[in-house]
Amino acid sequence: MKIKTNKYPTWIWQAGLTLFGFIMFFLIFSMGLNWHIKLDKTIYQYIGKVLLESQVLYQDVFDHKGPLVYFWHALGALFSPKNGIWVLDFILFTTTLIYAFNLSARFTIKPLAFGVTIFLFSTLNFPDGIGNTESLCLLPLFVCLDKFCTYMTGKSPKKKDGFLLGLCLSVLLLIKPTHLIMPATLGAYAFCIGWHRRDWATLKTLFSPAIFSFIGIILLTLSYFAYHHALTDFWETYILFNLSYTQKDASLANQKQTILFFISQQAIFIPLIGSAFLLFKKPPLIKTIIFPILFAFIMTFGVIVAPGRKYLHYLILILPLSQLLLTLTLASFNCFWKIFCMTVMGILLTYNLYGFLKFHTLDKILFTQNQRIFAAVLQKEVPPNTPFLDLTRSFSQLFLLSDRNSASKYPFTHFVVKKIAKELEEKGLPTYMVTIPSEIQPDMWTFYTRVYQNDFYCLLKRKSPH
């Protein structure tokens with residue numbers, strides 16, 4: 001497939017992508033979806049904050065994502081406890097946009113690469129994607145896909161490419177191991193091709209530094225836990241707990257529903273239809289790129305369906321593959337069909353944005369206002385540096401808004417109720433507790449008195465011993 005050029009310089013398109021990234025972040029902030037409302041995101045932010053206060057990950061504070069997720073948010077909190085992470089996320093998101101555009105621009109004209117990038121990123125990142133572990137993995141995934149295409153199209157890799165691959169693979173492993181499925185599939189295919197060609201020099205140039213940098217990053221991360229005597233906590237939380245948690249909803253009925261839900265999404269069925277067209281048309285890249293990309297697509301889709309959870313942001317893992325499949329499909333069309341497809345994607349993009357503005361505004365803003373009001377109560381009634389136990393499943397927003405810490409190792413109580421009960425038996429009841437009014441048990445009044453209550457939250461304080 002001939003690589004085409006465009007009269008406009010690349011930096012103009014990259015500047016446009018930067019502006020697009022800024023608009024996305026501005027809308028998220030203006031819709032009330034900022035630092036204290038992004039559900040999982042606020043848990044990561046809270047843990048990042050307390051890590052800077054000398055708490056040890058998995059030992060003093062619990063969540064089950066990979067350590068790099070919390071180290072990344074700790075870095076953001078180092079700049080600003082509330083909004084520093086959004087600056088880092090904006091830089092990461094914009095860099096990923098530009099990298100994805102550059103990959104597509106290798107196979108088609110720049111306006112088409114620009115349109116495909118904006119369409120797919122807005123489809124999967126509005127409004128659920130930014131800040132999740134999947135979005136953190138996007139840049140490493142695109143790098144792995146880019147290096148695969150470089151190797152499969154006959155270009156000789158350099159040692160720095162191998163080091164970069166190892167770095168990306170270690171990042172993926174230390175964020176969420178299942179995110180490795182796409183690069184692992186493509187890497188195994190490339191290795192088999194190199195072995196079949198007896199291309200030993202190229203394999204050594206690529207894989208030796210990759211293994212070296214991969215092991216180096218893993219050992220560096222484990223040294224943090226070894227220094228804090230938390231290797232056991234790391235193993236029990238990140239490995240053992242996740243093995244059981246992954247199987248929690250993995251029933252056949254849930255998996256069937258998840259498959260149907262995911263296939264109905266634009267970022268899935270549009271590239272798949274396009275790849276079917278490519279298989280019939282059989283362009284020159286069909287054997288070198290299309291077949292392994294489709295196989296990796298199927299493998300990745302199987303992994304994200306296996307837990308049986310219809311979380312839309314899981315599909316972000318397929319975005320790099322969808323980007324390349326859609327790019328190659330549109331690149332094979334004539335001028336009329338290119339314009340037609342770009343028009344359709346523009347209409348879908350407008351529809352997606354309209355849906356976001358219509359259905360994700362008022363409820364989020366009201367939810368934010370309720371939390372702000374109660375956080376002001378917490379700041380008034382709970383002394384500074386005094387932790388409280390949150391039983392409201394508020395995803396740590398109340399801790400961030402009130403600038404107070406959790407009295408429990410488990411700041412998010414949704415799926416660790418038994419662990420919290422055991423902790424309370426060992427350490428005793430905390431001085432302050434926040435719960436939902438309808439969930440207050442009668443025996444709680446034996447130990448606590450009501451300080452404040454509204455329709456959403458109730459603040460309790462432990463009675464003084466007689």
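Index from 1, following the sequence. Every value quoted in this text rests on a predicted model; they were computed, and no experiment measured them.
Aromatic pair Phe241/Phe62: centroids less than 6.0 angstrom apart. Aromatic ring centres of Tyr314 and Tyr311: separated by under 6.0 Å. For His64 and Tyr245, the gap between ring centers is short of 6.0 Å.
Relative orientation of the Phe121 and Phe142 rings is parallel, given thresholds of 30° and 60° on the angle between their planes. Taking the six-membered ring where the residue is Trp, Phe225 and Phe234 present tilted rings, their angle falling between 30° and 60°. Using cut-offs of 30° and 60° for the angle between ring planes, the Tyr58 and Tyr70 rings count as perpendicular.
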Next item on the list: With side chain to side chain contact (heavy atoms under 4.5 Å, CB included) as the test, would you mind laying out the steps for Leu186 and Lys147 before giving the verdict?
Entry: CA-CA 10 Å; Leu186 297 179; Lys147 300 309 176 186; over 6 Å; no

Margin query: What verdict does the side chain to side chain contact (heavy atoms under 4.5 Å, CB included) test give for Ile304 and Phe301, after you've listed the backbone C-alpha separation in whole Å, the side-chain angles of each residue and the deciding distance to 0.1 Å?
Written below: CA-CA 5 Å; Ile304 65 177; Phe301 187 77; 4.2 Å; yes

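Here the shortest heavy-atom pairing between Ala113 and Gln323 reads O-NE2, 4.5 Å. Gln45 and Trp86 make their closest contact through NE2-NE1, 4.4 Å (heavy atoms, listed as atom of the first residue, atom of the second, distance). Between Gln59 and His229 the shortest heavy-atom distance is NE2-O, 3.1 Å. A pairwise comparison of heavy atoms in Asn254 and Gly308 identifies CB-O, 3.5 Å as the closest pair. The shortest heavy-atom contact between Tyr46 and Ser406 is OH-N, 2.7 Å.
Between the OG atom in Ser170 and the CG atom in Leu165 there is a gap of 10.5 Å [rounded to 0.5 Å]. Here Leu324 contributes atom CG and Leu120 contributes atom CG; the two are 11.0 Å apart, rounded to the nearest 0.5 Å.
By the 4.5 Å heavy-atom criterion applied to side chains, Lys65 and Ile175 are not counted as neighbours. Looking at heavy atoms from C-beta onward, Tyr448 lies in side-chain contact with Pro430 at the 4.5 angstrom threshold. Ile218 has its side chain within reach of Phe214: a pair of non-hydrogen atoms, C-beta onward, lies under 4.5 Å apart. Taking the side chain as every heavy atom from C-beta outward, Cys144 and Leu169 approach each other to under 4.5 Å. Using a 4.5 Å heavy-atom threshold, the side chains of Ile436 and Tyr457 count as separate. With a 4.5 Å cut-off on side-chain heavy atoms, Asn405 and Phe388 do not count as touching. Taking 4.5 Å as the limit, every side-chain heavy atom of Phe114 sits out of range of all side-chain heavy atoms of Ser104. Within the 4.5 Å cutoff, side-chain heavy atoms of Leu378 are placed close to those of Val434.
For the pair Thr449 (side chain) and Trp445 (backbone), a donor-acceptor distance under 3.5 Å is absent. A distance-only check finds a donor-acceptor pair linking the side chain of Ser322 to the backbone of Ile318 [under 3.5 Å]. At least one donor-acceptor pair under 3.5 Å links the side chain of Ser135 to the backbone N or O of Asn132. The main-chain N or O of Gln379 is found under 3.5 Å from a side-chain atom of Arg404 such that the two form a donor-acceptor pair. Remark: side-chain polar atoms of Tyr452 are not paired, donor with acceptor, to backbone N or O of Phe374 under 3.5 angstrom.
In this structure, Lys409 places its NZ atom where more than 12 heavy-atom neighbours from other residues, nucleotides or ligands lie under 6.0 Å away.
At a cut-off of 3.5 Å, with distance as the only test, no side-chain donor of Asp443 or Thr446 sits close to an acceptor on the other residue. Neither side chain, Lys49 nor His73, offers a donor N or O lying under 3.5 Å from an acceptor on the other.
Lys427 is linked by a salt bridge (Lys or Arg N to Asp or Glu O under 4.0 Å) to Glu423, counting only residues two or more places apart in sequence or in another chain.
If you run side chain to side chain contact (heavy atoms under 4.5 Å, CB included) between Leu460 and each of Thr435, Leu391, Thr431, Leu389, only Thr435 comes through.
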